[in-house]
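The first residue of the sequence shown is numbered 1, and numbering continues consecutively from there.
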Amino acid sequence: MTFRPTLFLAALAICSLAAQAAAAEPRAAIRGDMDAELRRLLERAVGLVDGAPESRFEARRRAQGAMAAAEALLRSEAYYQPVLEDVVEGEERPSAIVAVQPGPRFLLTQPTISWLETAPDAEGAAQAQAAIGLKPGDPGRAVDVIAGEGRAVASLSRNGYADAKAEPRRVVVDHAALTVAPEYHIDSGRLVLLDGVVLQGAGRTNPAWVARLAPWKAGDRYDPEQVGELERRLLDTGVYDGVGVALSPLDQTQADGRRPVVVNLNDRPRRVVEAGATWSTAEGAGVDFLWTRYNRLGRADTLALEARFADIDSRIGGDLSLPHWRKPGRTLKLSAGVVKEDTDAYDRTALVLAAELQQRIGRTSYFNYGLGLDAGQYNENRYDYTSTPPSAVTFDRDLAIVTGRTSAYIDNSNDPLNPTRGWRMTVSVQPTAVAGEDTILFLRSESQATAYLPLQDQARTVLAGRVRIGAIIGGSELSIPSDRLFYSGGGGSVRGYSYQGVNPELPDETPRGGLSLFETSLEVRHDIGQSFQAVAFLDAGAVGFQETPNLTNMRYGAGVGVRYKLPFGPIRADIAMPLDQRDGDSAFQIYISIGQAF
């Protein structure tokens with residue numbers, strides 16, 4: 001017999017849960033004629049206890065306690081004339097019972113508002129009355145009466161009455177008419193008009209820059225959404241450890257009713273130094289060093305200097321990010337660097353410059369537009385398939401490439417780091433001009449869609465899918481620079497294959513870049529406890545040599561992985577194997593990185 005600790009522990013856990021379920025029982029049984037929903041609410045209000053009562057005295061005590069809880073629940077549900085009785089049955093094994101006759105359900109009359117001290121204008125009063133949302137004839141449930149009061153106060157706040165508050169309400173229960181009449185007592189306070197922004201604290205941020213971010217003009221009515229939007233705009237910059245935005249105290253009201261908004265900013269450390277490492281059997285090892293300076297210009301800017309040394313992609317450069325550039329939600333990104341790529345398909349050494357504007361759409365979506373310039377030396381080994389037989393061609397070209405960088409990202413998922421429901425879409429269109437030893441114009445387009453579907457309650461099991469499509473219009477396989485062609489294979493595309501390993505190979509075993517691309521992935525993610533997640537996946541991809549994707553040469557990879565969930569995102573470890581292994585393909589590939597695969 002083989003002892004298996006995992007199975008033993010699982011069996012022990014199941015037995016423990018079963019024992020707990022068996023030990024817990026209702027404090028008292030509910031008896032009576034009522035609808036299923038009311039019975040469910042009463043059973044929940046009565047609650048559970050450990051074990052059966054040991055005596056009739058204990059059973060009576062439980063029945064009386066359960067009856068009090070049931071009566072409170074019935075009153076909150078607008079049953080104000082119930083008949084309740086605590087019952088004990090049995091001698092040797094006594095049981096507690098609550099006999100319930102709910103009686104008639106009381107109904108609402110038209111809710112009214114009595115304005116205390118200060119009343120709003122006619123429009124504000126009408127909107128507050130409408131916001132209550134209770135109709136005569138509806139059940140007079142306590143929770144609905146309380147919620148209606150909250151909606152009325154919230155309506156006043158949205159209409160400029162920032163200091164609106166509710167005093168104790170008066171609810172008249174008429175036992176003869178079987179009605180509930182709510183009367184709300186509300187003090188709207190004075191109408192608040194917004195003034196400028198006051199930045200408190202001796203931080204590094206320029207107060208004038210913060211004031212320009214305010215989505216209101218001096219004299220506008222107070223709107224909590226606008227105040228919240230200013231807070232979101234400051235948080236979006238990513239350079240503050242904490243942001244506080246609130247209306248100034250009432251005693252700072254000016255003669256014309258205007259009040260400023262007070263902003264408190266908690267600066268991040270001025271400089272941050274980071275180091276990281278990546279490794280996979282397909283792409284080799286790499287180390288990264290990043291030096292970041294925050295808020296150097298006093299407008300929530302970020303300057304990042306990066307050095308990366310890796311087997312495939314090495315680079316040294318810097319990025320400057322200027323959020324809310326001349327317009328809220330728009331970020332100017334400037335970058336410059338030197339890149340050296342040493343791949344199986346090509347070698348490239350180039351100076352890379354880019355200027356880009358990113359405009360936020362909603363909370364997490366955005367679109368980009370800008371220009372990029374790559375100038376450098378390209379060493380490429382190709383084959384001319386227009387000749388018979390195909391002939392080897394070697395390029396050593398000095399090229400300057402100007403690219404229009406246009407893209408959009410739409411995020412309709414529930415979590416940017418670990419989504420469990422919703423979808424995302426990315427679309428990129430890059431008109432490109434090449435000058436130097438060759439001259440060519442072409443359009444490179446690419447799009448990717450991902451979707452997430454929870455299969456269990458609380459999203460403990462999630463089905464995730466991905467589709468990626470790309471195409472190049474204009475130019476030919478030989479004339480387009482190798483780094484702009486499509487390649488597939490590796491941790492971010494089709495797992496199980498080496499970097500660029502899905503591409504068909506040239507006669508010298510160099511990956512052949514394509515003019516079109518199709519990829520798809522399917523993952524099942526299942527939570528194990530609070531911190532771990534098991535994953536099974538199937539990836540597929542194909543590279544084509546026409547402008548439309550070619551699905552006749554699809555290659556497939558499958559594998560399993562584990563995720564360790566941290567606050568900033570999961571750590572991912574995957575092992576995958578090619579399902580249609582070619583000569584030269586490894587039997588499996590291992591990938592370790594941060595974040596979900598998609």
Side-chain angles (χ1 to χ4, degrees), residues 111 113 115-134 143-169 184-201 205 207 209-238 240-266 300 323-324 327-330 360-365 414:
I113 299 177
W115 301 106
L116 307 177
E117 296 188 25
T118 309
D121 57 24
E123 182 180 358
Q127 291 184 8
Q129 182 71 48
I132 294 173
L134 302 180
V143 64
D144 294 336
V145 172
I146 296 171
E149 181 182 79
R151 289 191 293 268
V153 174
S155 172
L156 290 167
S157 179
R158 288 193 300 271
N159 280 285
Y161 295 91
D163 305 305
K165 59 182 180 180
E167 299 294 342
R169 72 193 75 85
Y184 300 116
H185 298 164
I186 299 176
D187 180 6
S188 69
R190 184 177 177 181
L191 178 64
V192 176
L193 304 179
L194 290 173
D195 201 4
V197 174
V198 176
L199 181 60
Q200 292 185 342
T205 303
W209 178 79
V210 176
R212 287 196 294 270
L213 294 183
W216 65 82
K217 297 178 182 178
D220 287 353
R221 278 193 176 202
Y222 167 82
D223 184 345
E225 280 298 317
Q226 289 188 330
V227 176
E229 175 62 18
L230 175 59
E231 183 172 2
R232 284 191 292 270
R233 290 175 181 180
L234 290 166
L235 286 170
D236 282 347
T237 64
Y240 303 109
D241 280 340
V243 174
V245 180
L247 190 65
S248 65
L250 183 61
D251 58 12
Q252 295 184 16
T253 304
Q254 300 178 11
D256 58 0
R258 295 188 185 186
R259 283 163 64 182
V261 171
V262 178
V263 175
N264 287 279
L265 300 176
N266 185 13
H324 305 299
K327 180 181 180 181
R330 184 170 65 187
R360 179 167 63 87
I361 312 170
R363 297 288 181 88
T364 56
S365 303
N414 65 323

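Put simply, the side chain of Arg221 reaches to within 4.5 Å of the side chain of Leu193, judged on heavy atoms. Side-chain contact check for Val243 versus Arg232: every heavy-atom pair is 4.5 Å or farther apart. Looking only at side-chain heavy atoms (C-beta outward), Tyr240 and Asn266 stay at 4.5 Å or farther from each other. Looking only at side-chain heavy atoms (C-beta outward), His324 and Trp209 come within less than 4.5 Å of each other. With contacts defined as side-chain heavy-atom distances shorter than 4.5 Å, the pair Ile186/Trp115 qualifies. You'll find the side chain of Leu194 reaches within 4.5 Å of the side chain of Gln226, heavy atoms only. In this structure, Pro120 and Leu191 have side chains that are not in contact, with every pair of non-hydrogen atoms separated by 4.5 Å or more. Looking only at side-chain heavy atoms (C-beta outward), Ile132 and Ile113 come within less than 4.5 Å of each other.
Rounding to the nearest 0.5 Å places CG of Asp220 at 9.0 Å from CZ of Arg258. Atom OG1 of Thr253 is separated from atom CG of Asp251 by 7.5 Å, given to the nearest 0.5 angstrom. From Gln254, atom CD reaches atom CZ of Arg259 across 11.0 Å, with rounding to the nearest 0.5 Å. The distance from atom NZ of Lys165 to atom CG of Leu156, rounded to the nearest 0.5 Å, is 13.5 Å. Rounded to the nearest 0.5 Å, atoms NE2 (His185) and CG (Leu116) are 6.5 Å apart.
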For this session: Output, in order, the C-alpha distance, side-chain angles, deciding distance and verdict of side-chain contact (heavy atoms from CB on, under 4.5 Å) for Asp223 and Trp216.
Result: CA-CA 9 Å; Asp223 184 345; Trp216 65 82; over 6 Å; no
For this session: Output, in order, the C-alpha distance, side-chain angles, deciding distance and verdict of side-chain contact (heavy atoms from CB on, under 4.5 Å) for Val197 and Leu230.
Result: CA-CA 10 Å; Val197 174; Leu230 175 59; 4.2 Å; yes
Exercise. Would Asp187 and Asp163 count as a side-chain contact (heavy atoms from CB on, under 4.5 Å) if you check the C-alpha gap in whole Å, the side-chain angles of each, and the deciding distance to 0.1 Å?
Worked result: CA-CA 8 Å; Asp187 180 6; Asp163 305 305; over 6 Å; no
For this session: Report the C-alpha separation of Val261 and Glu231 in whole Å, then their side-chain angles, then the decisive distance to 0.1 Å, and conclude whether the side-chain contact (heavy atoms from CB on, under 4.5 Å) test is met.
Result: CA-CA 11 Å; Val261 171; Glu231 183 172 2; over 6 Å; no
Exercise. Where do Tyr161 and Thr118 land on the side-chain hydrogen bond (donor to acceptor under 3.5 Å, both in side chains) test, with the steps shown first?
Worked result: CA-CA 10 Å; Tyr161 295 91; Thr118 309; over 6 Å; no
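Put simply, the side chain of Tyr184 gets close to the backbone of Val145: a donor and an acceptor are under 3.5 Å apart.
Nearest heavy-atom pair across Leu247 and Pro260 is CD1-O, 3.8 Å. The minimum heavy-atom distance between Ala214 and Arg233, with the atom names listed, is C-NH1, 4.1 Å. The heavy-atom pair separating Ala164 from Val153 by the smallest distance is O-CG1, 3.7 Å. The two residues Ala119 and Ser188 make their nearest non-hydrogen contact at C-OG, 3.3 Å. Nearest approach of Ser157 to Pro224, heavy atoms of both residues: O-CD, 3.5 Å.
Across Leu199, Thr237, Val245, a single residue satisfies side chain to side chain contact (heavy atoms under 4.5 Å, CB included) together with Leu265, and that is Leu199.
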